Each structure stands twice: as structure tokens, then as C-alpha cells.
Amino acid sequence: MNKVFRAKRTRAKINGTAERPRLSVHISNIHIIAQIIDDESGKTLAYATTVGSKINGTKTEKATAIGKEIAEKAKKAKITTVVFDRGAKIYAGRMSALAEAARKEGLEF
């Protein structure tokens, strides 16, 4: 199945609001990007990425670090609950490592 169709199918069911924004995660071959987005206003509330950062280790360790970082930035923005948007990726490996790290830091989804 084409990744674009899978991502559209996933995002058709997910919508971020001001009370419960969307945690969108993109994992490429090199970098990991996580954003907390309010779809009603179309604004990014928090953002964490490995691009330009000094995070070392395996990609799973980088995903864990980004999960912790996005949860800390969400706390600063007074966000406690989010809707998890995995995009076209399956919930396994790096995706689950990022989600579990965010949950350990207090983010609920």
C-alpha cells in the first residue's frame, strides 16, 4: 500500500483541537521530527527535531530523546493531553520508543 494513502487514512480520523492538540511524528532515514499542532488555528505549539542537534546514539535512542524533549516543551506550553499522529509509519520500534518516552515525561495520549 502506498504510504500517502496510509497517512491520509490515519489523518482523516485524527484532528487536533486547542484542548487536545495533535502530536505529529515524522521519522526519516536520518532525522526524527515531532510537532504539537492545533489544527483549528493551524499553528504549531511545540516542536522538537534532531536536525541541527547534538543528540548522539542509535535512531531509537534519538527517538527517545525527542520524545522527552517534546514532552518537556509541551509542559512549558501547558499542554497535558494530545492525539498521537503516527502518519504512515506503524506503531513499532522508533515510533513506540518516542511515544513511551513522551508518556514517561507526563504527556497523555
Side-chain angles (χ1 to χ4, degrees):
M1 170 150 271
N2 192 344
K3 289 194 290 185
V4 174
F5 290 124
R6 191 178 315 129
K8 285 184 178 183
R9 183 178 64 223
T10 303
R11 289 204 178 100
K13 301 172 188 172
I14 298 171
N15 190 20
T17 62
E19 297 81 34
R20 194 167 177 194
R22 176 170 55 104
L23 172 59
S24 178
V25 178
H26 175 71
I27 299 176
S28 72
N29 290 337
I30 302 169
H31 295 292
I32 299 167
I33 301 165
Q35 326 180 52
I36 297 179
I37 305 165
D38 179 6
D39 289 321
E40 291 176 345
S41 65
K43 294 189 178 187
T44 299
L45 306 173
Y47 178 79
T49 183
T50 58
V51 177
S53 69
K54 303 282 185 193
I55 300 172
N56 292 324
T58 64
K59 291 179 195 167
T60 305
E61 292 169 349
K62 289 179 182 180
T64 303
I66 292 298
K68 289 179 183 177
E69 185 179 341
I70 195 70
E72 290 169 1
K73 288 184 178 183
K75 282 182 187 176
K76 288 180 185 177
K78 298 180 182 174
I79 299 167
T80 56
T81 59
V82 295
V83 178
F84 191 69
D85 177 13
R86 60 182 174 79
K89 298 281 187 178
I90 60 171
Y91 186 84
R94 297 175 196 130
M95 189 68 68
S96 65
L98 187 143
E100 292 302 319
R103 282 190 183 111
K104 283 183 184 177
E105 291 295 318
L107 203 57
E108 296 178 19
F109 51 92

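We count residues from 1, following the sequence as given. What you are looking at is a predicted structure, and each value in this text was computed from that prediction instead of being measured.
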Subject >> Reported CD1-to-CD1 distance for the pair Ile32 and Ile70, which is rounded to 0.5 angstrom >> reply: 12.5 Å
Original post:
How long is the gap from CD1 on Ile36 to OG on Ser24, to the nearest 0.5 Å?
Top reply: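 These two atoms lie 10.5 Å from each other.
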Subject >> Remaining members of the apolar cluster that contains Ile90, side-chain heavy atoms under 4.5 Å >> reply: none
Subject >> Residue pairs passing the side chain to side chain donor-acceptor pair (under 3.5 Å) test where at least one lies in residues 70-80, sequence neighbours excluded >> reply: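 Matches after skipping sequence neighbours: Glu69-Lys73.
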Original post:
Can you list every pair that meets side chain to side chain donor-acceptor pair (under 3.5 Å) and has a residue in residues 43-52, with sequence neighbours left out?
Top reply: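 Sorted pair list: His31-Thr50, Gln35-Thr44.
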Original post:
Do Ile30 and Leu98 sit in the same hydrophobic cluster, where Ile, Leu, Val, Met, Phe, Trp and Tyr count as joined when their side-chain heavy atoms come under 4.5 Å apart?
Top reply: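 They do not share one cluster, since no chain of ILVMFWY contacts under 4.5 Å joins Ile30 to Leu98.
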Original post:
Where is the tightest heavy-atom contact between Ala102 and Ala71, given as atom of each residue plus distance?
Top reply: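 Of all heavy-atom pairs spanning Ala102 and Ala71, the closest is O-CB, 3.8 Å.
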Original post:
How far apart are the closest heavy atoms of Ala74 and Ala46, and which atoms are they?
Top reply: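 Looking at all heavy atoms of both residues, the closest pair is N-CB, 4.5 Å.
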Original post:
Under 4.5 Å between any side-chain heavy atoms of Leu45 and Ile37, yes or no?
Top reply: no
**OP:** Answer whether the closest heavy-atom distance between the side chains of Phe109 and Val83 falls below 4.5 Å.
**Re:**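 A side-chain contact under 4.5 Å is absent here.
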**OP:** Could you tell me which residues satisfy salt bridge (charged side-chain N to carboxylate O under 4.0 Å, His left out) with Arg22, sequence neighbours excluded, listed by chain and number?
**Re:**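 Residues passing salt bridge (charged side-chain N to carboxylate O under 4.0 Å, His left out) with Arg22: Asp39, Asp85.
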Give every donor-acceptor pair under 3.5 Å between a side-chain atom in residues 55-63 and any protein atom, sequence neighbours left out.
residue, atom, partner, partner atom, Å
Thr58, OG1, Glu61, N, 3.3
Lys59, NZ, Asn29, O, 2.7
Glu61, OE1, Thr58, N, 3.0

**OP:** Say whether, by atom type as modelled, one donor and one acceptor occur between the side chain of Arg20 and the main chain of Val82 under 3.5 angstrom.
**Re:**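 At least one qualifying donor-acceptor pair exists.
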**OP:** For residues 99-109, pull every pair meeting salt bridge (charged side-chain N to carboxylate O under 4.0 Å, His left out), keeping only residues two or more places apart or in separate chains.
**Re:** Glu100-Arg103
Original post:
Run the side chain to side chain contact (heavy atoms under 4.5 Å, CB included) check on Met95 and Ile27 step by step: do they pass?
Top reply: CA-CA 8 Å; Met95 189 68 68; Ile27 299 176; 4.0 Å; yes
